[in-house]
Amino acid sequence: APEFPPQKNDVSYGWCRESEGSEEFKGYMLTTTPGAPNAFGTRTLSDEIEASEDPGFYEEPFELNLSCDTEGAKIVCTFDGTTPLADGPVFSSPLTVGKTTIVRARAFKEEAPCTPEFTGTYVFLADVIAAPDGVPPNELWPTNAVNKQRLDYGMDTRITQSPDYKDDVLPGMKQLPFLSLVVSPANLLDAETGIYVNAKSSGELWERRAHIELLNHDGSAGFSRDCGIRIRGSSSRGSHNPKHSFHLYFRDEWGGGKLEYPLFGDEGIKSFKKIDLRTTQTFSWHFEGDAYQSTYCRDEFVRALALSMGLPATRSRFYHLLLNGHYWGIYAT
């Protein structure tokens, strides 16, 4: 059977066999039915989607075209992190992209999905810096707390508009690579099932499908992969914290197995079943609202010092994180 693993906990698609224990491929299901008989399956698949421009960093608006070689296939795309469905908005002409944009797209023919889905993040740093303080980026982000979980939007204008700092913000943003996490908004923010607003819930039942991209400013190769995502941490899971840490899982069920990438350059391992995105906790701006405790360097300095002395220590790298296209701060692996 073609490789198209079932996507749990998401509005997505799976493939099924003729019967339990059978190795014969039946088809691709347009609707997943966990715990119930398989839905109708089709053997038709579209080709992969090609984008005219690679995801990455841009300074000027450009035209983005999406194409699929399958005759008669339609391309459905979304820009808010939601999963493209067969009855969704159809791509019909090139898009003018002039601000930070996430594109999720899937081709359909006779209502059958292509594999894999295209996900790309196009970053305009000036747009990231100008995000209004305290304003949700779109209607899928809550304006009020959900399950007492408060969220912090936008960039702090005390920094971005300060005469002392504003000229240093853009060059400073370019000092770190970007990770872009794309997750169906309901899987993050739904009051009943969203992992971000139920952050103290843990385990496999609270793992969701996500897409992760690494974008380097120098244009060097990063990666773009589906993965599983859970909330990480202990006290940092508290709803008083607007910024949580994440576990990312790379397994066959999410497509592709392990992540093969030198996250730490020439140091350490280059193959990962799981990586963590850590937000600093006690000494951080978001810990009980104390902006004067933000010391990102302390833990990393101690780790680097221990390694240089030949002692056991974890390796680490800093990244900017985009969450569904919205800037979510600095994280460390």
Can you tell me how far [atom2] of [Y] sits from [atom1] of [X], rounded to the nearest 0.5 angstrom?
X	Y	atom1	atom2	value
N216	L214	CG	CG	4.5 Å
I212	L179	CD1	CG	4.5 Å
S239	R237	OG	CZ	13.0 Å
F91	T78	CZ	OG1	13.5 Å
Y249	K258	OH	NZ	15.5 Å
I49	L66	CD1	CG	6.5 Å

Exercise. Checking K99 side chain against A126 main chain: does a donor-acceptor pair fall under 3.5 Å?
Worked result: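 No; zero donor-acceptor contacts below 3.5 Å.
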Exercise. For atom CZ of F223, is the number of surrounding heavy atoms from other residues, nucleotides or ligands below 6.0 Å larger than 12?
Worked result: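 Count over threshold, so yes.
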Exercise. Is the H217 ring parallel, tilted or perpendicular to the F178 ring (thresholds 30°, 60°)?
Worked result: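 Geometry flag for F178 against H217: perpendicular rings.
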Can you see which heavy atom on [X] is nearest to which on [Y], and at what distance?
X	Y	value
P136	T143	CG-CG2, 3.9 Å
Y327	M173	CE1-CE, 3.9 Å
D156	R158	OD2-NH2, 2.7 Å
G81	I102	N-CD1, 3.6 Å

Could you check whether [Y] and [X], counting side-chain N and O atoms only, form a donor-acceptor pair closer than 3.5 Å?
X	Y	result
H326	Y153	no
T82	S184	no
D190	T193	yes
Q149	H244	yes
E213	T121	yes
T96	E63	yes
D80	N324	no

Exercise. Do L181 and L248 have side chains that get closer than 4.5 Å, going by heavy atoms?
Worked result: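 A side-chain contact under 4.5 Å exists here.
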Exercise. Under a 4.5 Å cut-off applied to non-hydrogen side-chain atoms, are D167 and V169 in contact?
Worked result: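 No, their side chains stay 4.5 Å or more apart.
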For this session: Mind running salt bridge (Lys or Arg N to Asp or Glu O under 4.0 Å) on R104 and E117 for me, showing each step along the way?
Result: CA-CA 7 Å; R104 296 184 73 179; E117 175 185 289; 2.8 Å; yes
Tell me whether [X] shares a hydrophobic cluster with [Y], the cluster being built from Ile, Leu, Val, Met, Phe, Trp, Tyr side chains joined at under 4.5 Å.
X	Y	value
L259	I269	yes
L277	L151	yes
F79	V182	no
V183	L140	no
L323	V135	no

Problem set entry | By side-chain hydrogen bond (donor to acceptor under 3.5 Å, both in side chains) - contacts of S316 (at least two apart) |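 side-chain hydrogen bond (donor to acceptor under 3.5 Å, both in side chains) list for S316, sorted by chain: R278, E300.
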Problem set entry | Sidechain N-carboxylate O distance under 4.0 Å for R106, E48 |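 No, R106 and E48 are not salt-bridged.
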Exercise. Is it true that D226 and R209 make a salt bridge, defined as a side-chain N closer than 4.0 Å to a carboxylate O?
Worked result: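 Salt bridge present between D226 and R209.
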Problem set entry | Within 45° cone and under 6.0 Å: R317 NZ/CZ vs F264 ring |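 No cation-pi geometry.
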Exercise. Can we call the ring centroids of Y331 and Y319 under 6.0 Å apart?
Worked result: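 No, ring centres 6.0 Å or more apart.
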Exercise. What do you reckon, are the aromatic ring centroids of Y122 and F62 less than 6.0 Å apart?
Worked result: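 That pair passes the under 6.0 Å test.
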